[in-house]
4 protein chains.
Amino acid sequence: MRFLTAGESHGKGLVGIIDDYPSGVLIDIDFLNHELSRRQKGFGRGNRMSIEKDEVEIISGIRKGKSIGSPISFIIKNKDWNNWKEVMNINPPGSKDIDLEKKLLNPRPGHADLSGFLKYRLDDIRDVIERSSARETTVRVGIGGFAKIVLKLLGINVFSYVSQIGKAVFSKDIRINNDILKEIDKSEVRCPDRTISLQMKEEIIKAERNGDSVGGKFKVIATGVPPGLGSYSQWDRRIDGKIAGSFMSIPAIKAVEIGDGFNVTGKTGTLFHDEIYYRSGDGFYRKTNRAGGIEGGMTNGEPVIVGASMKPIPTTAKGLHTVNIKTKEIEISLKERSDICAVPSASIVGEAILSMEILNSIQEKFGKDNIDEILENYNNYKRYLEKV
Amino acid sequence: MRFLTAGESHGKGLVGIIDDYPSGVLIDIDFLNHELSRRQKGFGRGNRMSIEKDEVEIISGIRKGKSIGSPISFIIKNKDWNNWKEVMNINPPGSKDIDLEKKLLNPRPGHADLSGFLKYRLDDIRDVIERSSARETTVRVGIGGFAKIVLKLLGINVFSYVSQIGKAVFSKDIRINNDILKEIDKSEVRCPDRTISLQMKEEIIKAERNGDSVGGKFKVIATGVPPGLGSYSQWDRRIDGKIAGSFMSIPAIKAVEIGDGFNVTGKTGTLFHDEIYYRSGDGFYRKTNRAGGIEGGMTNGEPVIVGASMKPIPTTAKGLHTVNIKTKEIEISLKERSDICAVPSASIVGEAILSMEILNSIQEKFGKDNIDEILENYNNYKRYLEKV
Amino acid sequence: MRFLTAGESHGKGLVGIIDDYPSGVLIDIDFLNHELSRRQKGFGRGNRMSIEKDEVEIISGIRKGKSIGSPISFIIKNKDWNNWKEVMNINPPGSKDIDLEKKLLNPRPGHADLSGFLKYRLDDIRDVIERSSARETTVRVGIGGFAKIVLKLLGINVFSYVSQIGKAVFSKDIRINNDILKEIDKSEVRCPDRTISLQMKEEIIKAERNGDSVGGKFKVIATGVPPGLGSYSQWDRRIDGKIAGSFMSIPAIKAVEIGDGFNVTGKTGTLFHDEIYYRSGDGFYRKTNRAGGIEGGMTNGEPVIVGASMKPIPTTAKGLHTVNIKTKEIEISLKERSDICAVPSASIVGEAILSMEILNSIQEKFGKDNIDEILENYNNYKRYLEKV
Amino acid sequence: MRFLTAGESHGKGLVGIIDDYPSGVLIDIDFLNHELSRRQKGFGRGNRMSIEKDEVEIISGIRKGKSIGSPISFIIKNKDWNNWKEVMNINPPGSKDIDLEKKLLNPRPGHADLSGFLKYRLDDIRDVIERSSARETTVRVGIGGFAKIVLKLLGINVFSYVSQIGKAVFSKDIRINNDILKEIDKSEVRCPDRTISLQMKEEIIKAERNGDSVGGKFKVIATGVPPGLGSYSQWDRRIDGKIAGSFMSIPAIKAVEIGDGFNVTGKTGTLFHDEIYYRSGDGFYRKTNRAGGIEGGMTNGEPVIVGASMKPIPTTAKGLHTVNIKTKEIEISLKERSDICAVPSASIVGEAILSMEILNSIQEKFGKDNIDEILENYNNYKRYLEKV
């Protein structure tokens with residue numbers, strides 16, 4: 001499974017093409033739209049999300065409810081486009097619907113604005129921010145939804161929760177279960193603990209009051225992952241490397257950990273590592289999971305746990321010191337409509353990312369053409385594991 | 001520039017092939033060997049490093065001192081191989097030099113041992129550990145050395161230091177200069193502060209005394225990097241994603257940060273982001289660098305700063321609880337000769353990794369065939385930046 | 001520049017995403033649509049082409065007439081979809097607009113039908129033929145159009161003509177000029193010679209009369225290509241390999257040649273190879289071009305000439321012997337509406353393919369971010385060539 | 001399975017790294033060396049081949065006779081290097097073993113010489129020809145040998161024969177069997193027909209007498225290939241495209257066909273395509289194979305047949321008109337020691353290429369970690385095919 005995304009934040013829409021998705025998979029469009037809506041929620045989002053109600057429009061790859069082995073393509077329309085048709089006009093000025101908008105020339109610190117303007121030799125920062133916007137992650141959540149559908153058929157489930165917003169920290173080790181999932185869903189900040197959820201909301205409210213923004217951390221967990229995905233054999237086939245690369249590609253993510261990665265010094269070696277046990281029926285298992293389910297660049301059969309740090313949203317009401325790119329005069333950074341905190345949304349993007357990476361590794365090991373074939377090969381492997 | 005590495009820890013040697021390295025680059029073999037020796041040093045390394053004195057033997061790609069545009073290949077021989085010829089024999093048993101060694105069957109927690117054994121359906125853990133060994137990074141340091149040589153010609157320099165071992169932390173923000181580099185080089189643990197260096201050594205000594213091991217953190221910094229490497233345009237072209245993926249592929253690395261990534265909640269948005277300034281002659285610049293030189297998936301002209309967390313070495317004198325893969329009986333994990341702490345060495349590997357990723361992005365933007373051509377195109381870009 | 005395509009032949013539409021297209025390029029949508037219309041023409045096409053009038057609908061990547069460095073995505077709607085909504089319904093049967101169509105079970109020899117059905121474990125050949133249809137090449141012509149726009153700015157032009165249909169052969173060596181281009185455009189079979197054009201039409205008419213189809217050959221030529229694109233250095237970087245791979249991926253193409261490749265035995269070595277000359281002002285040049293502009297896996301400065309052989313269209317009115325996949329009973333292959341001869345259309349696809357491959361190699365050597373930057377780097381190289 | 005090759009024609013040796021080769025495969029080094037020796041033979045080769053006796057020296061990836069899942073690396077030493085140590089010295093001039101050789105400045109038409117010199121901004125054509133030499137294919141034959149070993153375990157066998165040298169043509173359709181294989185092996189030009197073999201030798205002798213060289217054609221055939229390798233789904237996943245790309249990357253190959261690709265106009269559609277039949281036990285089959293075992297970008301279960309055209313060797317005793325790159329004066333091209341005809345050798349390279357491409361597609365569909373796992377998944381598929 002590989003994919004490309006396209007689309008500007010205020011253009012006609014966002015487009016995704018997924019190549020090499022298995023045939024024979026029943027596609028639940030409602031599930032995909034539900035995934036999109038989960039990304040749109042969360043305390044701290046700006047008012048853009050009240051305009052948009054993201055929905056997948058399938059263009060190809062699905063017939064009579066099932067994937068058929070050809071590339072899946074879809075569009076998610078930007079409802080807001082109607083208000084931006086002039087600004088985002090694809091036709092050259094001089095055509096009758098000419099755009100009279102003033103160019104944006106004061107780059108926002110923390111964003112792609114300045115470097116993107118220089119890299120692509122543009123003359124309007126609008127050309128950068130339309131694509132560098134985190135709205136692009138909408139498509140990835142859609143694609144991740146497709147991945148999740150396959151993973152579920154293999155007994156692999158992917159969850160997430162927010163572990164920190166500002167100074168409010170949820171640091172307990174949890175085993176995901178239905179009760180906890182319900183708590184996370186109920187929480188406006190996707191935190192499993194009610195008291196800490198309130199503290200997190202307080203952090204967001206406080207930031208908003210100050211014309212400011214606030215960052216945080218989240219965890220994504222995949223259960224039911226078999227051992228042996230990824231490889232130590234060549235540097236670029238380690239699954240932790242792939243996962244870290246994909247997570248860091250989520251806008252505003254500045255750090256990624258596997259397991260207890262942020263806290264490697266909390267324990268010495270004999271206490272850090274997850275000792276190996278065996279129980280007839282269950283096979284090899286661990287009592288702890290500080291490795292986050294990955295050892296030697298491979299999954300080890302325990303839940304895969306990925307943590308990520310998200311910087312505070314760079315666009316703030318208060319603004320930041322910047323310089324007009326053309327005049328070089330000091331200005332305050334522009335206030336593109338924005339969120340105060342998007343960590344809960346980012347955790348949903350993280351689910352999509354982890355789902356895609358795990359499906360990729362599944363397809364590498366068990367084939368990718370058809371879901372029944374994948375399941376047969378997967379079960380082959382499981383039978384082999386039982387006999388070791 | 002792309003590359004593959006090969007080689008077992010106690011086999012004949014390690015092999016690297018670098019493809020698409022520019023022609024016309026004067027290759028200083030002594031520099032490459034010096035880089036290799038920097039990886040071998042560091043307080044806390046085991047006695048293997050006293051056996052090996054790694055040296056690059058060039059097989060191809062260089063003629064009369066210069067790269068010629070064809071693939072560079074090299075071997076780094078394992079001196080220790082002489083002691084392992086029987087165990088590592090490539091011929092099948094039954095030939096006269098048959099291997100009588102007992103198979104390894106008790107997987108070490110924290111290593112690739114168990115998952116690798118299952119994934120590749122092996123019958124001897126030795127087959128895993130020979131390749132999953134961090135000795136593989138030797139080749140990457142060699143390849144990184146080739147990258148560094150080109151980067152220097154472009155005015156880009158890459159450094160590293162150790163910021164934490166166990167509980168001993170060096171947390172000051174530093175601007176790299178010659179004095180600091182000398183301090184780092186003098187320190188047996190590659191830390192810029194003498195007092196903290198001693199504390200770090202204490203942590204290692206304490207761990208060794210307890211039959212234990214200890215993890216830590218390090219930073220890698222690249223200066224002189226132009227703005228606009230990487231791109232926000234497509235998810236997999238963000239340079240922070242590429243860097244994070246490559247760093248996480250270093251054995252034992254469990255977390256990666258760009259800039260202040262581990263501490264995103266230390267400041268709210270208006271205080272976190274690096275405000276933009278302009279000074280005639282210097283162009284755009286920042287007074288702070290919490291972004292670690294990367295915004296919107298692109299370099300922004302400030303030094304690129306990458307931090308990484310390394311877990312404690314899993315092999316310890318004390319051993320860990322494990323299970324014999326065949327008999328399922330409880331055992332203590334095997335004590336393959338090992339280090340107590342390899343964070344200083346890992347920081348050198350980090351330099352190689354960052355050098356390679358930056359050179360890759362340079363070659364994407366400025367071409368890759370010949371060093372003079374790259375320099376011309378690079379200078380074009382710099383002239384353009386001055387005129388913006 | 002990389003791309004993915006999606007879309008079924010009778011689905012909603014065809015989708016393309018182009019990644020890494022340079023910014024700052026003025027996009028002439030009319031030109032793109034003109035390219036699409038060129039593919040739709042040609043004596044011998046079936047009546048589908050009278051239903052469709054292919055037009056690019058840009059979704060992203062272009063603003064105010066210019067590419068902005070973000071991914072370009074577009075849709076080409078299938079007008080015929082209106083007649084196929086039931087058959088191509090994406091919803092599962094059981095929803096109210098249930099599909100009552102009978103399944104296709106008799107695979108057509110020469111098509112993907114049988115292997116695709118087996119590979120993807122489908123239960124309706126319709127699922128295969130919708131994607132394996134050559135209608136997919138419409139998107140590639142669109143993408144090739146984008147490539148052509150950039151190439152023109154670099155002085156590189158790409159042309160094609162049909163050299164054979166059935167027994168009618170045009171074998172003269174031609175130097176492309178405006179007169180010849182006009183002849184090709186006037187010819188209903190895209191052949192530069194009027195008499196042979198009539199013979200080619202006769203071949204098609206004869207085939208149609210017999211309920212049959214007919215194959216042929218075409219040539220694609222790129223002028224203005226600089227020397228040194230591609231490389232002999234690594235097996236998969238040879239530009240002839242890349243071109244051959246892309247051409248063979250055009251449906252129904254069964255052979256590809258560079259220069260006089262189909263006739264390598266026509267001359268011995270001393271007569272085959274293109275001797276090297278030099279003229280002040282022009283630099284190095286050749287008086288012949290049997291190499292088709294490629295030596296040692298690289299362009300040599302002469303026009304790049306690629307020939308391709310297209311098998312007869314497998315779908316014929318007469319039908320072919322086949323077997324019902326389920327019942328195993330003998331049947332005659334189904335008669336999906338089809339062309340008698342599509343060689344003229346394939347030559348337009350060939351132009352797109354060659355344009356994309358050359359642009360890719362240009363971007364590798366001269367950068368890819370912005371058209372002005374590419375031009376500067378390209379001119380650097382040209383100046384260097386003059387000084388050699 | 002992916003790989004990189006390195007090495008100059010007269011350097012220390014040639015290096016190959018194979019990544020992602022399955023574990024558990026018994027590696028017969030003698031078989032690999034036998035493959036290398038097959039490439040060295042053939043009437044028409046120059047005297048270099050009497051100096052070299054190519055042998056694989058395994059550096060990594062094999063232990064106790066079997067692949068272990070880690071990258072396989074090997075060296076093939078150039079025995080001739082002893083005579084070239086000065087010319088190929090990797091050290092800069094100025095060191096004591098300084099190279100006094102005159103630089104090569106007269107590029108040979110038909111070779112990489114001129115374009116390579118310009119592309120890489122070199123000052124000695126020697127730097128080009130050492131890598132652009134077809135000696136590089138030695139490594140690919142070695143790698144292909146590894147692929148063949150796996151394919152045999154799956155019941156897939158790869159053969160080749162020479163079908164034309166100069167005017168001597170062998171055009172019969174043959175079904176490969178042991179008798180024919182013996183004839184091919186006995187023939188000094190690898191042609192299955194004794195009379196035509198003599199004619200082919202005559203062509204070579206005649207060319208040599210004239211100080212000239214001669215080209216030809218060959219066929220490579222893979223039997224036992226299952227249907228469904230490759231895909232019509234995305235342009236770059238068609239197996240015919242991949243095969244054509246790889247074949248065209250063999251030095252001196254100027255055209256590639258699948259099945260009857262060079263002769264697509266020999267028959268109209270109803271006569272060209274291979275009708276589909278079914279026989280209980282055998283499943284679907286064809287009575288003809290003009291498609292060369294590939295329809296719709298996928299294998300169809302019939303033998304895969306690839307043809308290739310090789311231009312005459314550009315280096316000839318007689319020489320060709322060229323120009324001194326520096327002085328621009330007219331010269332006769334240099335006479336690097338060379339062959340008169342290398343078509344028989346190229347056919348062996350073709351076997352390696354086809355083996356690698358088929359193994360790649362096998363690994364994509366059936367996994368790649370371990371040979372027993374691949375076999376299980378492969379047998380799953382075969383059982384499924386029987387039930388369709």
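Reminder, nothing fancy here: chain letters follow the sequence lines and each chain counts from 1.
Between the B/Arg121 side chain and the D/Ile371 main chain, no donor and acceptor come within less than 3.5 Å of each other. Remark: the backbone N or O of B/Tyr120 is paired with a side-chain donor or acceptor of D/Ser23 at under 3.5 angstrom.
For D/Glu136, no part lies under 4.5 angstrom from a heavy atom of chain B. Heavy-atom distances place the side chain of D/Leu122, and not its backbone, under 4.5 Å from chain B. With a threshold of 4.5 angstrom between heavy atoms, B/Ser67 does not approach chain D through any atom at all. Contacts between D/Ile75 and chain B at a heavy-atom distance below 4.5 Å involve the side chain alone, from C-beta outward.
Taking D/Gly61, D/Gly24, D/Gly116 one by one and counting their heavy-atom pairs under 4.5 Å with chain B, the maximum is reached by D/Gly61. Between chain D and the residues B/Gly11, B/Pro71, B/Ser132, the most heavy-atom pairs under 4.5 angstrom are made by B/Pro71.
For the pair D/Ile59 and B/Gly13, the tightest heavy-atom approach, listed with the atom from each and the gap, is CG2-O, 3.7 Å. Listed here is the closest heavy atom pair of B/Ser60 and D/Ala6: OG-CB, 3.5 Å. Here the shortest heavy-atom pairing between B/Val15 and D/Ser73 reads CG2-OG, 3.5 Å. Here the closest non-hydrogen pair linking B/Asp124 and D/Lys64 is OD2-NZ, 4.0 Å. In plain terms, the two heavy atoms of D/Lys12 and B/Glu57 that are nearest each other are NZ-OE2, 3.0 Å.
Distance check: B/Ile27 CD1 to D/Ile90 CD1 gives 10.0 Å after rounding to the nearest 0.5 Å. Atom CG of B/Leu118 and atom CG of D/Asp369 lie 11.5 Å apart (nearest 0.5 Å). Note that the CD1 atom of D/Ile29 and the CG atom of B/Asn91 stand 7.0 Å from one another [nearest 0.5 Å]. We find the CG-CG distance between D/Asp20 and B/Leu4 to be 10.0 Å, quoted to the nearest 0.5 Å. The CD1 atom of D/Ile68 lies 11.5 Å from the CG atom of B/Asp123; values are rounded to the nearest 0.5 Å.
Side-chain atoms of D/Glu130 and B/Ser70 form no donor-acceptor pair, as typed in the model, at a separation below 3.5 Å.
Salt bridge absent: B/Glu8 and D/Arg63 never bring a charged side-chain N and a carboxylate O closer than 4.0 Å.
Counting non-hydrogen atoms of other residues, nucleotides and ligands closer than 6.0 Å to NZ of B/Lys66 gives a total of 12 or fewer.
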